[in-house]
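What follows is one structure encoded as structure tokens, with my remarks underneath.
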Amino acid sequence: MIDVAHLNATYPKYPITVADKGWVYGTWYCPTAWMRSHFYGQYPLTYLKRVLALFPSAKDILHCPSGTITGPGVTVDLICDDQRKPQHIAKAEALPFADNSFDLYISDPPYSNEDSKKYGTPPWKSRAAMNEAKRVLRPGGHYCLLHVRYPSFKRNDWNFVGLIGVVTGANRVVRLLSIFRKPSEGRAE
């Protein structure tokens with residue numbers, strides 16, 4: 001389902017993203033310097049388009065927490081206000097969806113307790129959110145987590161398939177896109 005060739009063809013002016021020995025890796029420069037921020041912590045410019053280009057065959061997409069994203073896909077967040085208008089209000093660790101509902105789950109949660117306070121949400125529960133992501137993803141589906149840390153995960157539950165650095169400009173925190181695949185049969189390979 002990961003299609004690095006499609007991503008690289010879609011963005012021919014950017015350095016390539018590499019697929020090698022079952023891993024996807026690279027660095028994406030997604031500038032924000034000239035872009036007026038509409039919402040604290042919003043996706044960097046071109047980030048979502050690149051993720052979607054990496055998974056062009058994904059039909060059922062989940063964004064959680066969704067922030068200001070409006071799609072494509074289903075949006076979930078804890079807050080509904082003037083800027084955040086999710087389709088569903090729920091916690092990432094207790095999603096209102098049946099097992100095996102999605103092909104792709106894209107997540108950009110609060111990175112710290114301070115970030116959670118800015119969003120008006122409780123701190124992110126990474127392990128519980130990953131467990132729930134595994135439940136709602138179809139076998140072979142992918143979980144894409146944008147964060148400043150490489151997450152701890154159960155190696156029996158996930159196939160780890162990629163790391164992409166996301167740089168937004170000078171003197172800014174570099175984020176990391178960690179990509180996991182739900183095993184097709186029970187345990188990770």
Side-chain angles (χ1 to χ4, degrees), residues 1-4 6-7 10 24 28 30 38-39 41-44 46-81 83-111 115-116 119-154 157-164 166 175-184 186 188:
M1 188 164 136
I2 294 179
D3 192 340
V4 172
H6 182 266
L7 169 70
T10 302
V24 174
W28 293 351
C30 302
H38 299 283
F39 186 72
Q42 71 186 27
Y43 282 152
T46 75
Y47 170 77
L48 182 56
K49 290 179 182 179
R50 289 190 198 188
V51 171
L52 294 174
L54 191 57
F55 297 93
S57 64
K59 301 291 182 233
D60 298 310
I61 301 167
L62 176 63
H63 300 272
C64 179
S66 59
T68 60
I69 296 299
T70 57
V74 175
T75 57
V76 176
D77 210 305
L78 279 174
I79 305 287
C80 184
D81 58 20
Q83 292 180 303
R84 295 172 279 190
K85 301 200 181 313
Q87 294 164 329
H88 301 272
I89 297 174
K91 293 181 178 182
E93 59 270 20
L95 295 169
F97 308 111
D99 295 359
N100 306 315
S101 295
F102 298 96
D103 302 312
L104 179 62
Y105 183 140
I106 304 171
S107 185
D108 181 15
Y111 306 144
D115 284 342
S116 293
Y119 293 121
T121 62
W124 181 255
K125 296 178 181 177
S126 181
R127 186 169 301 258
M130 284 187 80
N131 287 338
E132 188 69 347
K134 184 175 183 244
R135 183 186 70 77
V136 300
L137 280 169
R138 292 183 182 114
H142 288 84
Y143 178 59
C144 295
L145 176 67
L146 185 65
H147 207 286
V148 295
R149 298 183 188 276
Y150 171 67
S152 173
F153 64 97
K154 294 181 180 177
D157 288 346
W158 294 100
N159 292 317
F160 178 69
V161 295
L163 283 175
I164 298 172
V166 179
R175 296 181 232 186
L176 185 63
L177 170 58
S178 299
I179 306 170
F180 301 88
R181 184 175 58 80
K182 180 178 175 176
S184 298

Has the side chain of [X] got a donor or acceptor atom that lies under 3.5 Å from a matching backbone atom of [Y]?
X	Y	value
H6	A53	yes
D60	D103	no
S184	P139	no

To the nearest 0.5 angstrom, please state how far the [atom1] atom of [X] sits from the [atom2] atom of [Y].
X	Y	atom1	atom2	result
K134	K154	NZ	NZ	9.0 Å
R175	W28	CZ	CH2	12.5 Å
I69	D108	CD1	CG	8.5 Å
L176	H147	CG	NE2	10.0 Å
F55	I61	CZ	CD1	10.0 Å
I2	L54	CD1	CG	5.5 Å

Specify the closest pair of heavy atoms between [X] and [Y], including all atoms of both residues, with the distance to one decimal.
X	Y	answer
A128	E93	CB-CB, 3.6 Å
D77	P86	N-CB, 3.6 Å
L104	L137	N-CD2, 3.9 Å
S101	R138	O-NH2, 3.0 Å
P151	S178	CD-OG, 3.4 Å
D81	K85	O-NZ, 2.8 Å

[Y] and [X], any side-chain heavy atoms less than 4.5 Å apart:
X	Y	answer
C64	S107	no
Y47	I164	no
L146	Y111	yes
P65	I79	no

Verdict with supporting geometry, V161 and H142, side-chain contact (heavy atoms from CB on, under 4.5 Å): CA-CA 9 Å; V161 295; H142 288 84; 4.1 Å; yes
Flag for N100-K182: side-chain donor and acceptor within less than 3.5 Å: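 There is such a pair (donor and acceptor under 3.5 Å, judged by atom type) between the side chains of K182 and N100.
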Pair R84-S66, side-chain donor/acceptor within less than 3.5 Å: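 Checked: R84/S66 side chains show no N/O donor-acceptor pair below 3.5 Å.
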Validation row, ring centre Y143 to ring centre F153 under 6.0 Å: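 Centroid distance Y143-F153: not below 6.0 Å, so no.
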R135 atom CZ: more than 12 heavy-atom contacts under 6.0 Å: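 Above 12, so yes.
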